[in-house]
Amino acid sequence: QVQLADSGGGSVQAGGSLRLSCAASGYGYNTYYMAWFRQAPGKEREGVAVIGSDGRTEYADSVKGRFAISKDNAKKTLYLQMNSLNTDDTAMYYCAAGQGYSSLRSLLARPQWFGYWGQGTQVTVSS
């Protein structure tokens with residue numbers, strides 16, 4: 001079982017950068033795939049980026065080339081580096097962890113395959 005605590009959100013102007021962090025505690029951290037999801041008011045939760053236990057990554061088309069997901073297994077911490085932010089990136093961001101699903105790319109559209117979630121951190125981008 002894993003507990004997640006995400007942080008690092010804030011307010012930034014368009015074109016700026018932020019780095020989100022997700023600290024994990026518990027057992028089996030290295031065996032989970034992990035991801036960042038986001039949800040804007042009135043919209044469904046969407047997958048932003050996912051990283052497998054082997055380090056492979058996948059990104060939503062809307063953030064490809066601007067965001068980078070990474071993890072430090074020694075620190076049990078997941079990161080999301082967000083560059084060139086725009087107002088469409090404004091949302092509550094959640095880290096998530098899960099096991100048992102084999103298609104990394106498909107996980108971006110399957111939040112139900114993540115059993116553990118952080119509490120969320122707000123990102124607000126102003127023009």
Side-chain angles (χ1 to χ4, degrees):
Q1 190 169 348
V2 174
Q3 294 80 42
L4 304 175
D6 34 30
S7 62
S11 296
V12 64
Q13 288 193 322
S17 298
L18 282 174
R19 188 174 83 155
L20 306 184
S21 299
C22 175
S25 60
Y27 297 98
Y29 169 81
N30 292 347
T31 67
Y32 289 84
Y33 46 73
M34 301 190 72
W36 290 96
F37 286 79
R38 66 185 180 186
Q39 188 166 19
K43 295 187 177 181
E44 292 187 357
R45 187 169 298 192
E46 64 168 339
V48 173
V50 61
I51 185 166
S53 59
D54 59 359
R56 290 181 300 121
T57 59
E58 292 285 350
Y59 296 91
D61 289 343
S62 59
V63 306
K64 200 172 293 183
R66 301 188 298 122
F67 290 12
I69 188 171
S70 62
K71 61 177 182 173
D72 185 327
N73 288 338
K75 294 183 178 179
K76 292 187 177 181
T77 302
L78 177 73
Y79 302 101
L80 184 68
Q81 178 66 44
M82 306 186 295
N83 300 324
S84 301
L85 286 161
N86 59 59
T87 55
D88 290 339
D89 297 316
T90 295
M92 185 72 79
Y93 284 70
Y94 301 87
C95 64
Q99 292 178 308
Y101 197 80
S102 61
S103 173
L104 200 65
R105 178 71 182 176
S106 297
L107 283 169
L108 291 174
R110 288 172 170 78
Q112 66 270 26
W113 277 93
F114 292 82
Y116 305 100
W117 292 84
Q119 78 282 5
T121 185
Q122 178 68 37
V123 172
T124 302
V125 184
S126 59
S127 57

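Throughout, numbering of the chain's residues begins at 1 and tracks the sequence.
Of all heavy-atom pairs spanning G120 and M92, the tightest one is C-SD, 3.7 Å. Residues F114 and G98 share a closest heavy-atom pair of CD2-N, 3.9 Å. Shown here for G47 and A60, the closest heavy-atom pair between the two residues is O-CB, 3.4 Å.
Listed by chain and residue number, A5, D6 satisfy the side chain to side chain contact (heavy atoms under 4.5 Å, CB included) test with Q119 (two or more places apart in sequence, or in another chain). Taking the side chain to side chain contact (heavy atoms under 4.5 Å, CB included) definition, one finds that R56 meets it with D54, L104, sequence neighbours left out. For the side chain to side chain contact (heavy atoms under 4.5 Å, CB included) test, residues two or more places apart in sequence or in another chain that qualify with V125 are V12, A14, L85, D89, T90, V123. Partners of N30 according to the side-chain hydrogen bond (donor to acceptor under 3.5 Å, both in side chains) rule, which considers only residues two or more places apart in sequence or in another chain, do not exist here.
Q112 contributes atom CD, which lies 11.5 Å from atom CZ of R45 (distance to the nearest 0.5 angstrom). With rounding to the nearest 0.5 angstrom, the SG atom of C95 is 12.0 Å from the OH atom of Y79. Note that CD of E44 is 8.5 Å distant from CD of Q39, once rounded to the nearest 0.5 Å.
Note on L108: it clusters hydrophobically with W113, by side-chain heavy-atom contacts below 4.5 Å among ILVMFWY residues. By the criterion of side-chain heavy atoms lying less than 4.5 angstrom apart, applied directly or through intervening Ile, Leu, Val, Met, Phe, Trp or Tyr residues, L18 is grouped together with I69 in one hydrophobic cluster. In the hydrophobic clustering of this structure, W117 groups with Y101; members are Ile, Leu, Val, Met, Phe, Trp, Tyr whose side-chain heavy atoms approach within less than 4.5 Å, directly or through other members. When hydrophobic clusters are built by joining Ile, Leu, Val, Met, Phe, Trp and Tyr residues whose side-chain heavy atoms come closer than 4.5 Å, directly or via intermediates, V50 is not grouped with L78. Transitive grouping of hydrophobic side chains (ILVMFWY, heavy atoms separated by less than 4.5 Å) brings Y33 and F37 into a common cluster.
Within the 4.5 Å cutoff, the side chain of M82 has no heavy atoms near those of the V48 side chain. Put simply, the side chain of T31 reaches to within 4.5 Å of the side chain of Q99, judged on heavy atoms. Under the 4.5 Å side-chain criterion, counting only non-hydrogen atoms from C-beta, Y116 is in contact with Y32.
Among residue pairs with one or both ends in residues 10-27, those qualifying as side-chain hydrogen bond (donor to acceptor under 3.5 Å, both in side chains) are Q3-S25, S17-N83; sequence neighbours excluded. Pairs engaging residues 67-76 under the side-chain hydrogen bond (donor to acceptor under 3.5 Å, both in side chains) rule: none recorded [sequence neighbours left out].
Judged by distance alone, the side chain of R105 and the main-chain N or O of Y59 form a donor-acceptor pair under 3.5 Å. The backbone N or O of T121 lies less than 3.5 Å from no partner atom in the side chain of Y94, so there is not a single donor-acceptor pair.
Shown here is K43, whose NZ atom has no more than 12 heavy atoms of other residues, nucleotides or ligands within 6.0 Å.
Screening L20, I51, V63 for a side-chain contact (heavy atoms from CB on, under 4.5 Å) with L80, the sole residue that qualifies is L20.
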